[in-house]
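Just so it is clear, the model here is predicted, and its values are computed rather than measured. As the structure lists them, so they are numbered: ligands from 1, and atoms in each ligand from 1.
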Amino acid sequence: MAILVTGGAGYIGSHTVAELLERGEEVVVIDNLLTGHREALLGGKLYEGDLRDKELLAKLFSENNIEAVIHFAASSLVGESMKDPVKYYDNNVYGTQCLLEAMQKAGVDKIVFSSTAATYGEPEKVPIEETDRTEPANVYGETKLTMERMMSWFDKVLGIKYVALRYFNAAGAHASGKIGEDHRPESHLIPLVLQTALKQRESIAVFGDDYPTEDGTCVRDYIHVSDLADAHVRAVSYLRSGNDSNVFNLGNGLGFSVKQVIETAKKVTGLEIPVVIQERRAGDPAVLVASSAKARSVLGWNPQHADLENIIQSAWNWHSANPQGYGE
Ligand SMILES: NC(=O)c1ccc[n+]([C@@H]2O[C@H](COP(=O)([O-])OP(=O)(O)OC[C@H]3O[C@@H](n4cnc5c(N)ncnc54)[C@H](O)[C@@H]3O)[C@@H](O)[C@H]2O)c1
Ligand SMILES: O=c1ccn([C@@H]2O[C@H](COP(=O)(O)OP(=O)(O)O[C@H]3O[C@H](CO)[C@@H](O)[C@H](O)[C@H]3O)[C@@H](O)[C@H]2O)c(=O)[nH]1
């Protein structure tokens, strides 16, 4: 039986496909390649197309014996979601509806999916626990919370079991050096900082230095993409063992400010990284740091790359060896 990975040609999806293949799983991928890359797929059977194409989904489920789904395919940029909410509801909420409908028709009853720290909004306290208030501060987070609620009803009514993984900020690259982060256009902090070190950009913009944090810049919990991939494999095993639906945070429990990220990148690369302070970006909470105690105890998850320097070094290995990313 196979695992269907939606968005498997994307950043986190491709690292998870690599992890599944290493563990001997059969993998089927659906990806429209809008933000993903064919070259990021180290194996598996690719259906190139959109999740909202119901005919394609029906064909995929009829041609393969799918046991479980890992669902990454989504639009995922906080800033963009505050400019184009329709895109986010259509791709994330309607796309998930199409997927769940196809799973119901095919009798597939297990799904692991990408949720986000953005479901919490401005947190009540840090580190954030799964039971804390969810009040998204941006459209993107709202669509992800809506997806979680859909899953919960599809479980109650149809018995489709889910694991929602609320990841904090994904970063780093695969140890093989074959795959890494290449969003187009790039909007994530660490790749932008490293592209600035490579002189592909003149400077890195810091979005706001007047937040209520130690140095005034936003604090995030950076988690290595390979640790995220490992958590997905564990979540599939958890559902295979007949466990109930559940929600887990995935982060290191350590917060680093935008300025700390830039300073660490200077140290790792040994290069100049010019900085320009700009206005705050709409929808950015000041601090997002995870408690991942639940994932550690229930899934036995134990992230291997807790240190920011280690994470940035791994990202730098990819960016310095592949300055044009996947190059297409
Ligand atoms: N990168 C992060 O820091 C982060 C943090 C928390 C949650 N997430 C979530 O993790 C998931 C993956 O993020 P990523 O950074 O790897 O993004 P990504 O853009 O690299 O990957 C998404 C993949 O899905 C594909 N896709 C999108 N919509 C599709 C559709 N309708 N049909 C078919 N394919 C489609 C894209 O082509 C791409 O390959 C997303 O759901 C995102 O919301 C990411
Ligand atoms: O050029 C830049 C880019 C980002 N930032 C700041 O850096 C931090 C991190 O930003 P970014 O890398 O864009 O990530 P987030 O907006 O925190 O969102 C990521 O992390 C979320 C979980 O925390 C996920 O849900 C999202 O999908 C993922 O894009 C934020 O405070 C940004 O304001 C800058 O100052 N300058």
Best match, Tyr140, Tyr11, Phe72: closest heavy atom to atom 8 (N) of ligand 1: Tyr140
Steps toward side-chain hydrogen bond (donor to acceptor under 3.5 Å, both in side chains) verdict (Asn32, Asp50): CA-CA 5 Å; Asn32 60 15; Asp50 200 285; 3.1 Å; yes
Closest candidate by heavy atom, reference atom 7 (C) of ligand 1, pool Ser187, Ala170, Ser115, Gly49: Ser115
Which residue and heavy atom of the protein sit nearest atom 13 (O) of ligand 1, plus the separation: Ile12 CD1, 3.8 Å
Aromatic ring proximity Tyr11/His188, centre distance under 6.0 Å: no
Neighbour count >12 (heavy atoms, 6.0 Å) for atom CD, Glu214: no
Donor-acceptor side-chain pairing of Asn317 and Gln313 below 3.5 angstrom: yes
Ligand-side contact atoms (ligand 1) for residue partner Leu33, heavy atom cut-off under 4.0 Å: 37 (O)
Heavy atom of the protein closest to atom 26 (N) of ligand 1 (residue, atom name, distance): Asn32 OD1, 3.6 Å
Side-chain heavy atoms of His15 within contact of Glu19, under 4.5 Å: no
Shortest protein contact, atom 42 (C) of ligand 1 (heavy atom only): Ser76 CB, 3.3 Å
Residue and atom name of the nearest protein heavy atom (relative to atom 9 (C) of ligand 1), distance in Å to one decimal: Ser114 CB, 3.6 Å
With Ser297 via side-chain hydrogen bond (donor to acceptor under 3.5 Å, both in side chains) - residues at least two apart: none
Residue that, paired with Tyr222, satisfies side-chain contact (heavy atoms from CB on, under 4.5 Å) out of Leu254, Asn252, Asp307, Ile190: Ile190
Nearest candidate to atom 38 (C) of ligand 1, where distance is taken over non-hydrogen atoms, out of Leu165, Leu51, Thr35: Thr35
Protein residue, atom and distance nearest to atom 21 (O) of ligand 1, heavy-atom basis: Gly10 CA, 3.4 Å
Residues in the immediate environment of ligand 2 (any heavy atom closer than 4.0 angstrom): Ser76, Val78, Thr116, Ala117, Tyr140, Tyr167, Phe168, Asn169, Ser187, His188, Leu189, Leu192, Ile204, Ala205, Val206, Phe207, Cys218, Arg220, Tyr222, Val258, Arg281, Asp284, Leu288
Ligand 1 versus Asn91: contacting region, heavy-atom distance under 4.0 Å: side chain
Nearest-contact summary for atom 15 (O) of ligand 1 - protein heavy atom, Å: His183 NE2, 3.1 Å
Passing option when Met103 is tested against Leu158, Asp109, Ile111 for side-chain contact (heavy atoms from CB on, under 4.5 Å): Ile111
Residue-ligand contact Ala9/ligand 1, heavy atom below 4.0 Å: yes
For atom 5 (C) of ligand 1, the protein heavy atom that lies nearest, with its residue and separation: Phe168 O, 3.2 Å
Any Phe113 heavy atom less than 4.0 Å from ligand 1: no
Check: Phe256 and Thr264 side chains under 4.5 Å, non-hydrogen atoms: no
Protein contact to atom 39 (O) of ligand 1 [nearest heavy atom, distance to 0.1 Å]: Asp31 OD2, 2.6 Å
Approximate separation, where rounding is to 0.5 Å, of Asp284 CG and Glu122 CD: 9.5 Å
Candidates Glu135, Arg133, Arg166 - the one meeting side chain to side chain donor-acceptor pair (under 3.5 Å) with Tyr120: Arg166
Closest candidate by heavy atom, reference atom 27 (C) of ligand 1, pool Ala171, Ala74, Gly7: Ala74
Numbered atoms and elements of ligand 1 in range of Gly36, under 4.0 angstrom, heavy atoms: 36 (C), 37 (O), 38 (C), 39 (O)
Ion pair Glu80/Lys87, N-O distance below 4.0 Å: yes
NZ (Lys125) with more than 12 external heavy atoms under 6.0 Å: yes
His37 contact mode with ligand 1 (heavy-atom cut-off under 4.0 Å): neither
Thr217 versus Asp215, side-chain donor and acceptor atoms under 3.5 Å: yes
Pair Asn64-Lys45, side-chain donor/acceptor within less than 3.5 Å: yes
Ligand 1 contact on Lys144 by region, counting heavy-atom pairs under 4.0 Å: side chain
